[in-house]
Amino acid sequence: MEYRIATKEDVIDIYELVQKTIKEIYPKYYLPEIVDMFSNYHNMENVTKDVELGNTYVLLEDTIIVGTGTIQENHITRVYVLPKYQGRGYGTSIMKRLEAELTGRYKIAEIDASLPACQLYYKLGYRTIQHGSWECENGVIQIYEIMTKELNMNLNQLRLRPYKTCDAKAIVSWIHTEEDLYKWSSDRFGAFPISEDDINTKYIDNNGDCQNPEDFYPMTAVDENGVVGHLILRYVDMEKKVLRFGFVIVDDAIRGKGYGKEMLKLAMKYAYDILKVEKITLGVFENNALAYHCYKAVGFEETSEIMLDVYGNKWKCIEMESKKKKSIAMS
């Protein structure tokens with residue numbers, strides 16, 4: 001998947017995406033006059049204006065624009081996903097990315113919710129503050145929900161729990177390329193793309209490739225909106241004094257917001273205070289700078305490095321470790 005700001009070359013595709021979605025989905029919920037109102041409102045002129053203002057974004061699968069969203073100050077609007085691509089989490093991904101654009105600039109995000117989208121927005125933490133109305137043709141009145149959400153992301157709400165098989169759906173959605181897969185898991189999963197079944201087979205059926213059932217701990221980070229991160233913990237010594245972190249990943253829509261660091265702190269606290277290990281190790285590729293600096297920020301230090309063959313090129317893998325201290329400070 002690719003997510004980027006829309007360009008003038010995308011205007012026609014965005015307009016056609018929005019119109020197709022309205023005409024296929026909205027008649028299930030609204031009278032014809034209301035469907036026409038939505039169609040007329042999201043006309044070519046308005047789409048073009050927003051793209052020219054630089055506030056419209058697109059989500060692509062391969063080279064096809066499958067979803068779009070726009071921000072106008074703190075207002076999120078024109079969030080649409082092509083009907084055949086709905087149900088894959090693309091709407092959620094677009095919303096999280098738009099919220100990330102607003103976070104730090106505004107305390108509250110606002111959205112005018114159509115009936116087909118209300119449930120999604122509610123799951124994402126939006127709540128109705130009032131109802132608006134719009135007069136359509138033939139005296140038909142459309143009533144819509146005005147919903148808001150606070151954007152001051154509270155990392156104190158982040159928690160770590162044991163992995164569930166349903167978490168795989170979110171994890172695979174964060175791995176967009178072959179390079180992403182290798183940075184995340186080296187060669188542990190084989191060819192790209194991987195599926196939910198690939199993860200669950202390794203974790204559930206094969207115990208993370210660990211012989212002892214007590215040696216493998218897959219964990220998932222969640223907040224009020226659902227799954228936001230994942231990592232595995234596994235023992236690497238018979239005495240169970242050394243634990244290795246692996247498969248560390250955070251929802252790419254919220255990277256750089258502190259979730260990775262907070263997830264690692266929770267995992268380190270669990271490792272030191274509950275599992276009573278003395279040392280934690282991990283490996284990170286040099287070209288994964290965001291992850292490297294995240295590990296450094298929570299106290300990991302370099303110990304060694306090795307060169308690995310990846311796609312005919314040499315990648316440097318940096319080994320890092322953290323040793324037990326009196327406590328792991330939580331921010």
Side-chain angles (χ1 to χ4, degrees), residues 1 3 6 10-51 55-61 64-99 102 108-150 166 169-170 173 224-226 253:
M1 300 297 297
Y3 179 83
D10 299 320
V11 167
I12 293 176
D13 288 339
I14 294 170
Y15 171 75
E16 291 179 348
L17 179 157
V18 172
Q19 294 297 321
K20 180 179 179 62
T21 306
I22 289 172
K23 290 173 182 177
E24 287 192 24
I25 303 298
Y26 282 30
K28 302 174 184 178
Y29 297 85
Y30 294 116
L31 293 171
E33 290 86 351
I34 297 177
V35 176
D36 289 343
M37 181 276 297
F38 277 108
S39 182
N40 294 333
Y41 180 76
H42 295 295
N43 57 42
M44 181 70 80
E45 181 182 354
N46 285 338
V47 171
T48 301
K49 182 173 69 173
D50 283 324
V51 170
N55 60 5
T56 296
Y57 298 81
V58 289
L59 184 69
L60 294 85
E61 184 172 285
I64 301 171
I65 295 178
V66 299
T68 186
T70 295
I71 51 177
Q72 298 169 346
E73 296 184 343
N74 72 323
H75 192 89
I76 296 175
T77 185
R78 200 179 293 121
V79 178
Y80 287 95
V81 175
L82 281 171
K84 68 180 290 186
Y85 293 91
Q86 293 180 9
R88 304 184 188 184
Y90 293 167
T92 297
S93 179
I94 292 170
M95 286 295 297
K96 286 185 177 181
R97 292 169 187 271
L98 295 175
E99 288 173 2
L102 298 179
I108 293 176
E110 181 179 295
I111 193 163
D112 297 337
S114 63
L115 289 175
C118 280
Q119 186 176 12
L120 168 64
Y121 300 147
Y122 187 85
K123 288 181 178 179
L124 291 175
Y126 288 80
R127 296 296 180 265
T128 300
I129 58 167
Q130 66 183 84
H131 289 84
S133 64
W134 190 294
E135 185 173 350
C136 306
E137 292 184 353
N138 301 322
V140 173
I141 303 295
Q142 182 219 356
I143 302 297
Y144 59 92
E145 296 186 45
I146 300 172
M147 306 181 78
T148 62
K149 175 182 177 179
E150 291 187 10
C166 59
K169 181 178 181 180
S173 75
E224 69 275 15
N225 294 323

Neighbour count above 12 (heavy atom, 6.0 Å) for I141 CD1: yes
Gap separating the CD atom of Q142 from the NE2 atom of H131, nearest 0.5 angstrom: 11.0 Å
Side-chain (N55) to main-chain (Q72) donor-acceptor, under 3.5 angstrom: no
Minimal non-hydrogen separation, C118 against A113, with atom names: SG-CB, 3.7 Å
Under 3.5 Å donor-acceptor, N138 side chain and V140 backbone: no
R78: which of T68, D50, N46 passes side chain to side chain donor-acceptor pair (under 3.5 Å): D50
Approximate separation, where rounding is to 0.5 Å, of K49 NZ and T56 OG1: 11.0 Å
Backbone N/O of D36 and side chain of S39: donor-acceptor pair under 3.5 Å: no
pair V51-D10: side-chain heavy atoms closer than 4.5 Å: no
Heavy-atom check, side chain of F38 versus side chain of I25, under 4.5 Å: no
R127 side chain vs Y122 backbone, donor-acceptor pair below 3.5 Å: yes
Closest approach of E61 to Y85 (non-hydrogen atoms, all atoms of both residues): OE2-CE2, 3.4 Å
Test log, rule side-chain contact (heavy atoms from CB on, under 4.5 Å), inputs I22 and V35: CA-CA 7 Å; I22 289 172; V35 176; 4.0 Å; yes
Side-chain (Q19) to main-chain (H42) donor-acceptor, under 3.5 angstrom: yes
E145 versus Y121, side-chain donor and acceptor atoms under 3.5 Å: no
Separation of Y3 OH from K96 NZ (nearest 0.5 Å): 13.5 Å
T92 and L120, any side-chain heavy atoms less than 4.5 Å apart: yes
Any pair counted as side chain to side chain donor-acceptor pair (under 3.5 Å), so long as it reaches residues 20-30, sequence neighbours left out: K20-E24, Y26-Y80, Y26-S114
Heavy-atom side-chain contact between E99 and I76 under 4.5 Å: yes
Closest contact, heavy atoms only, A6 versus V58: CB-CG1, 4.1 Å
Spacing of CZ belonging to R97 relative to CG belonging to L102, to within rounding of 0.5 Å: 14.5 Å
Shortest non-hydrogen contact from V81 toward L17: N-CD2, 4.4 Å
Candidates I129, I111, T128 - the one meeting side-chain contact (heavy atoms from CB on, under 4.5 Å) with I146: I129
From Q86 atom CD to Y90 atom OH, the distance as rounded to the nearest 0.5 Å: 12.0 Å
Reported CG-to-CE distance for the pair L124 and M147, which is rounded to 0.5 angstrom: 9.5 Å
